[in-house]
**Q** 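Below is the structure I would like to discuss, written out as structure tokens.
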There are 2 protein chains.
Amino acid sequence: MDSIKVGLLGLGVVGGGTWKVLRRNAQEIARRAGQTIEVTRIAVRDVEKARALVGSAIQVDADPFGLVRDPSIDIVVELMGGDTLARELVLEAIAQGKHVVTANKALLAKHGTEIFAAASAKGVVVAFEAAVAGGIPIIKAIREGLTANRIEWVAGIINGTTNFILSEMRSRGLPFATVLAEAQKLGYAEADPTFDIEGVDAAHKLTLLASLAFGIPVQFDRAYIEGISKLSADDIKLAERLGYRIKLLGITKRRAEGVELRVHPALVPAKSMLANVEGAMNAVLVRGDAVGQTLYYGKGAGEEPTASAVVADLVDVTRLLTADPEHRVPHLAFQPDAMSDIPILSIEDVITSYYLRLTVADQPGVLADIARVFANSGISIGSMIQQPSDLDASADLVFLTHEAVERDVNAAIAQIEALPFVRSSVTRLRMESLS
Amino acid sequence: MDSIKVGLLGLGVVGGGTWKVLRRNAQEIARRAGQTIEVTRIAVRDVEKARALVGSAIQVDADPFGLVRDPSIDIVVELMGGDTLARELVLEAIAQGKHVVTANKALLAKHGTEIFAAASAKGVVVAFEAAVAGGIPIIKAIREGLTANRIEWVAGIINGTTNFILSEMRSRGLPFATVLAEAQKLGYAEADPTFDIEGVDAAHKLTLLASLAFGIPVQFDRAYIEGISKLSADDIKLAERLGYRIKLLGITKRRAEGVELRVHPALVPAKSMLANVEGAMNAVLVRGDAVGQTLYYGKGAGEEPTASAVVADLVDVTRLLTADPEHRVPHLAFQPDAMSDIPILSIEDVITSYYLRLTVADQPGVLADIARVFANSGISIGSMIQQPSDLDASADLVFLTHEAVERDVNAAIAQIEALPFVRSSVTRLRMESLS
């Protein structure tokens, strides 16, 4: 049986998981691949720590460039993270004619165009199933499983930390800061949680999903990003009362005039499958014109779930070693010469429904005046609730709009906030029907 | 751009869908595949009807053997169904060196061993994504997306007709016969619904999933099959009261001593993702040792969802045309020489939990006697409810057991039914924790 030699850059959580899975399931994997897949060299910063895990039978050092230039290595697995040194190493591995497997979404969301072009020019593959939604084979599903379809939109819960926080906030009625502190204790959130809670990590992944779905270049800098740190427990409670749950979604949608690319908290119908994705789980909903909606659900992070995707990519790449490069699955699902230059739309051009909450003086004429602003802006209201406010002689109003252009909604909000009886700014959340 | 020539055997629901999708999305598909995929010949019984759909530009006749022997055809798509003529045609297409795409689960569940061996010998591919769960790329997920894993079990809602019926029975409290008649009117069930409601269709699909998950030959004749026609609305109601929903599941599980392969109604926790798969939708839950649980959800039948899978297979096959046959993804996920001969277990050897309902005389000592039978059989009870029976001076009892061997449960049931105060036979349903 042939043996494929793999070099690992990094032996942290995912690297360690990859090492363990490749060893524990070596036989099961070889039964499928028809070849054995063997880690023969590892480059890490902390050589001693790595030795403790892998023993002394294989080469471990702190020389990543030595690894990517090592002629005995067939495939380089980049699991070190970051987008500076990782970029250089991946490009050097490609230049050396090596295939690359990576879990690095930040790297590909920012430098994917450069990296995929270099790989295509060299006739090598850069595989990245582990970069989105951990062990869920979502990239394979979109890139190979749904090739018959004109994909209309993708909506996903693609960050486990924020989904864990939102699940806890809802089920226990706790404020954001309390749950975040707990998540940090439990290891669900990092010491500096900014990347997760502000939506940056989700936007990296969404950028890749949009390219795969629509055949557009990666354009992370064009993504609209809004996190969950400003969400109040009140809004989560009110949403629930209205039949919705709030999730941090990555949404990308193709319209005639462009592609929506946005990460933000959104109300989704409580009975929808996405609303019922709880805790640190991930799920991606894809709508294609032929297949309708399909959903992919599982663990989006963690040692072995992510390693599962890394190893699946390794098996895929071993199958490609003898294949004609021209007939491989393209990196971004579409042939490089068939990419679309359809623009990414500004968030102001997004069309969706809205949840709008504000506090007003409890006096006659208030509703009429607000309703007139909506009507003049062409915004149609689907439902509305009013309840006593914590403020004296005041009422809290919540409006759910029908679909509207965000620019118009923003203009209406500005007018409403200027009305004399309005006693708060307007809290605005987007709503997705997912239909 | 190269053009791949496809011959269609059959132009019914799925064949018509395939034709439509290939035409409507020709450009999108070519952008992905780097080649155009063109139907150039169709064989059907009703030539006139087919002409009405496809026009006169391509060859339509009633000569399927002519089609599979036509040297201009690259890929034969078998969408006629049945396992007699379809088998001959698929084998002849293979003998002619042609790749085959099929949606025919009955054919592969019964004759898969013969067909895949013939294909391997000829170096051609038989692709069958459309045979299981319609447009959901579940075969690709298991066969390529989860190659890192030792798969532990697969549990799926893989028949839309029965899931529609069960969803309606539950939500509207109606009996089976009423809902079946309605489903037939709506086109969700066929005039002769036996294959669906008795679980045969699900067992065909499960047989394929088991082979893909565990690397075992297709063994449809070893599957345990129990349908939903005997399910009562009462049991559905009681299950709900206990926090469960009843679904027709296909379950296959690897244990040290063999593989469980069974289709039957089962209670699943009401909060689980599978319990919330409603109407005619399908979903498959897969547990791998590295990835944990992943779920795949979507439309399991219908014109375009199934066509989505057929066309995805066509794109896959076009990519393989120039590849080295030895490095292709094996038909049943594992290399033919690495298949396992682990046996399929008898249903009597299955280990799961049970829901047991019976009517007893409402008198002292009843519970004690029944509990003694369970204890003597080594069966542990997790919970129990008692309610007044429709019968005079009687009570209905429901027991939920912990995990037990089915043989022991059957023996206990026989003893309980022989007790003097027991006034009904014991209704036995299996329960799956899906954990």
Side-chain angles (χ1 to χ4, degrees), chain A residues 17 21-22 24-25 28-34 129 134-137 140-141 144-150 215 271 273 276 283 288-299 304-305 307-312 314-316 318-324 326-330 333-335 338, chain B residues 17 21-22 24-25 28-34 129 134-137 140-141 143-150 215 271 273 276 283 288-299 304-305 307-312 315-316 318-324 326-330 333-335 338:
Chain A
V21 170
L22 277 173
R24 187 179 69 230
N25 290 347
E28 196 85 352
I29 294 165
R31 281 179 66 206
R32 294 188 176 103
E129 184 63 78
I136 308 171
K140 184 173 280 287
E144 302 174 39
L146 302 178
T147 45
N149 293 267
R150 189 176 159 84
K271 289 199 167 178
M273 297 285 281
N276 289 285
D289 66 342
V291 76
Q293 292 190 12
T294 52
L295 179 115
Y296 308 84
Y297 167 90
K299 285 185 186 144
E304 294 210 0
S308 172
V310 170
V311 174
L314 282 171
V315 173
D316 267 6
T318 65
R319 291 193 170 123
L320 294 171
L321 291 178
T322 60
D324 170 3
E326 283 204 9
H327 290 97
R328 286 179 193 151
V329 181
F334 293 78
Q335 300 292 328
Chain B
V21 170
L22 277 175
R24 187 179 69 231
N25 290 347
E28 196 86 351
I29 294 164
R31 282 180 64 205
R32 293 189 176 103
E129 183 63 77
I136 308 171
K140 184 172 282 286
R143 198 164 62 171
E144 304 173 38
L146 302 178
T147 45
N149 292 268
R150 186 173 161 85
K271 287 197 170 180
M273 295 286 281
N276 289 284
D289 67 343
V291 75
Q293 293 191 12
T294 52
L295 178 114
Y296 308 84
Y297 166 90
K299 285 185 185 146
E304 294 209 0
S308 174
V310 170
V311 174
V315 173
D316 267 6
T318 65
R319 292 193 170 123
L320 294 171
L321 291 179
T322 59
D324 169 4
E326 284 205 9
H327 290 98
R328 286 179 194 150
V329 181
F334 293 78
Q335 300 293 329

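All heavy atoms count here, side chains included; hydrogens, waters and symmetry mates do not. In the text below, chain A, chain B and the rest are named by the order of the sequence lines, each starting its count at 1.
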**Q** Heavy atoms only: give me the nearest A312(B)-T147(A) pair and the separation to one decimal.
**A** CA-OG1, 3.3 Å
**Q** Between A309(B) and chain A, which part of the residue has a heavy atom less than 4.5 Å away: side chain, backbone, both or neither?
**A** neither
**Q** Measure Q293(B) against the heavy atoms of chain A and call it side chain, backbone, both or neither at under 4.5 Å.
**A** backbone
**Q** Do you know which of E129(A), K271(A), K299(A), E304(A) has the most heavy-atom pairs under 4.5 Å to chain B?
**A** E304(A)
**Q** Do the non-hydrogen side-chain atoms of E28(B) and D289(A) ever get within less than 4.5 Å of each other?
**A** no
**Q** Tell me which of these, I136(B), L295(B), D316(B), has more heavy-atom pairs under 4.5 Å with chain A than the rest.
**A** L295(B)
**Q** What part of L146(A) gets within 4.5 angstrom of chain B, counting heavy atoms only: side chain, backbone, both, or neither?
**A** both
**Q** Is chain B contacted by the side chain of N149(A), its backbone, both, or neither, given a heavy-atom distance below 4.5 Å?
**A** both
**Q** Which atom names give the shortest non-hydrogen contact between V291(A) and S308(B), and what distance separates them?
**A** CB-OG, 3.5 Å
**Q** So does A338(B) get a backbone contact from the side chain of R31(A), meaning a donor-acceptor N/O pair under 3.5 Å?
**A** yes
**Q** Which region of V310(B), side chain (C-beta onward) or backbone (N, CA, C, O), has a non-hydrogen atom less than 4.5 Å from a non-hydrogen atom of chain A, or is it both or neither?
**A** neither
**Q** Between G135(B), G298(B), A283(B), P305(B), which has the largest tally of heavy atom pairs under 4.5 Å with chain A?
**A** P305(B)
**Q** Heavy-atom distances under 4.5 Å only: say whether A33(A) touches chain B with side chain, backbone, both or neither.
**A** backbone
**Q** Mind listing the closest non-hydrogen atom pair of P330(A) and R319(B) along with its distance?
**A** CD-NH2, 3.3 Å
**Q** If you look at every heavy atom in E144(B) and E144(A), which pair is closest and at what distance?
**A** OE1-OE1, 3.4 Å
**Q** Identify the two heavy atoms, one from N25(A) and one from A148(B), that lie closest to each other, and give their separation to 0.1 Å.
**A** ND2-O, 2.9 Å
